[in-house]
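Reviewing the structure listed below.
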Protein chains: 2
Amino acid sequence: MPLFSSTYTNKVDKKGRVSVPASFRSTLPSDDQSISVVPSLVSKAIEGFDCSYLVQISERLDNYDMLTVSGQPSNPAVKILSRSMTLSIDSDGRIVLPQEFMKHAGISDRAVFVGLGKTFQIWSPEEHKAVMGQGEGELM
Amino acid sequence: MPLFSSTYTNKVDKKGRVSVPASFRSTLPSDDQSISVVPSLVSKAIEGFDCSYLVQISERLDNYDMLTVSGQPSNPAVKILSRSMTLSIDSDGRIVLPQEFMKHAGISDRAVFVGLGKTFQIWSPEEHKAVMGQGEGELM
DNA sequence: TAATCTATCATGGAATAACATGGTACTAGA
DNA sequence: TCTAGTACCATGTTATTCCATGATAGATTA
């Protein structure tokens, strides 16, 4: 399976430990069972992807000026790279979500994994329902 | 056979297991006997297609842009990717239909496979008869 | 042409493996 | 020593794999 797809809801325990859906794991290279995550720049969610994906993002940096005249980063790639973390998947197929990330996404005891092809997102059930529902979330 | 064609009705067992019509299987690449399915956005049916079809959809969301505004739920590509599942065909030529999908299509113990060229649909016999039955009499 | 054989197919049931999840033990740093 | 983080083990449930059966259609042979 080459892409992240479908939607799964898994439990998060007190330590922030949560299973990565098996189908997501199988899309990762077998020699590097880890993922990169970053708080979404546009929504209350966590973005996740294969670690090699970060390389592609960093290459974008080479084509842009790092800073504007005001001294602020002009390129979203700067924010992504500087805020991302790499989480290793343990032998049971789980990761530990950092507290800051859980707070950003409003996650407490459940996490919704949403496959988006080359990337995926992690939402709280409440936020996910709210956002997906507004965009004609119902299937018919 | 390069295209999905014709209509077949097969049995669905208690676990949602159903045979994929042999002619459908033969249209799939021999090195990837699996299909992607997604609840239809417009009808009470399941859409099915070759997995490479999903790759094309995901590429519409350009890599790094998916981490910004384009990765929002209102994007049709996001809807498809987040709702689709890849089902592998077992050695007996069967797939397992997820419960949610069966519910969406109103499938219980029988499934109607309808070939539509590059894609196909899976219906419940009742719904298929109701929708496709109109105008069927004019065929000859 | 008729009978038989063979391969493929659809289907059912049971054994097996994988998955998600909770808990405990261990390690290192403060 | 205490805490936080990590690795290891245990369990029930679900999903996947394997094997067996009857049916059908095509081919082969007499």
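If you're wondering where the values come from, they're calculated on a predicted model, not measured in any experiment. Here is how names work: the chains are called A, B, and so on, in the same order as the sequence lines, proteins then strands, and each is numbered from 1. Just so you know, these numbers use all the heavy atoms, side chains as well, and skip hydrogens, waters and symmetry mates.
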**Fill in**
Per-nucleotide protein contact along nucleotides 12-22 of chain C, 5' to 3', at a 4.0 Å heavy-atom cut-off (B base, S sugar-phosphate only, - neither), is BBB----SSBB
**Asked** Does anything in residues 114-126 of chain B pair up under side chain to side chain donor-acceptor pair (under 3.5 Å), and if so which pairs, sequence neighbours excluded?
**Response**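 Non-adjacent pairs meeting side chain to side chain donor-acceptor pair (under 3.5 Å): B:E47-B:Q121, B:Q121-B:W123.
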**Pairing of A:K15 and A:D13 as salt bridge, 4.0 angstrom limit** =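 Salt bridge flag = no for A:D13 with A:K15.
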From [atom1] of [X] over to [atom2] of [N], roughly how many Å is that when rounded to an integer?
X     : N      : atom1 : atom2 : answer
A:D90 : C:dA25 : CG    : C1'   : 15 Å
B:I95 : D:dA15 : CD1   : P     : 15 Å
B:I89 : C:dA10 : CD1   : P     : 11 Å

**Prompt:** Hey, does A:I57 have a side-chain heavy atom less than 4.5 Å from the side chain of B:L67?
**Reply:**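 The answer is yes; the side chains approach within 4.5 Å.
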**Item:** Whether A:F120 and A:F24 hold their rings parallel, tilted or perpendicular, with breakpoints at 30° and 60°
**Value:**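 The rings of A:F120 and A:F24 sit tilted, inter-plane angle from 30° to 60°.
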**Message:** Using the side chain to side chain donor-acceptor pair (under 3.5 Å) criterion, which residues pair with B:R25? Sequence neighbours excluded.
**Reply:**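 Here no residue qualifies.
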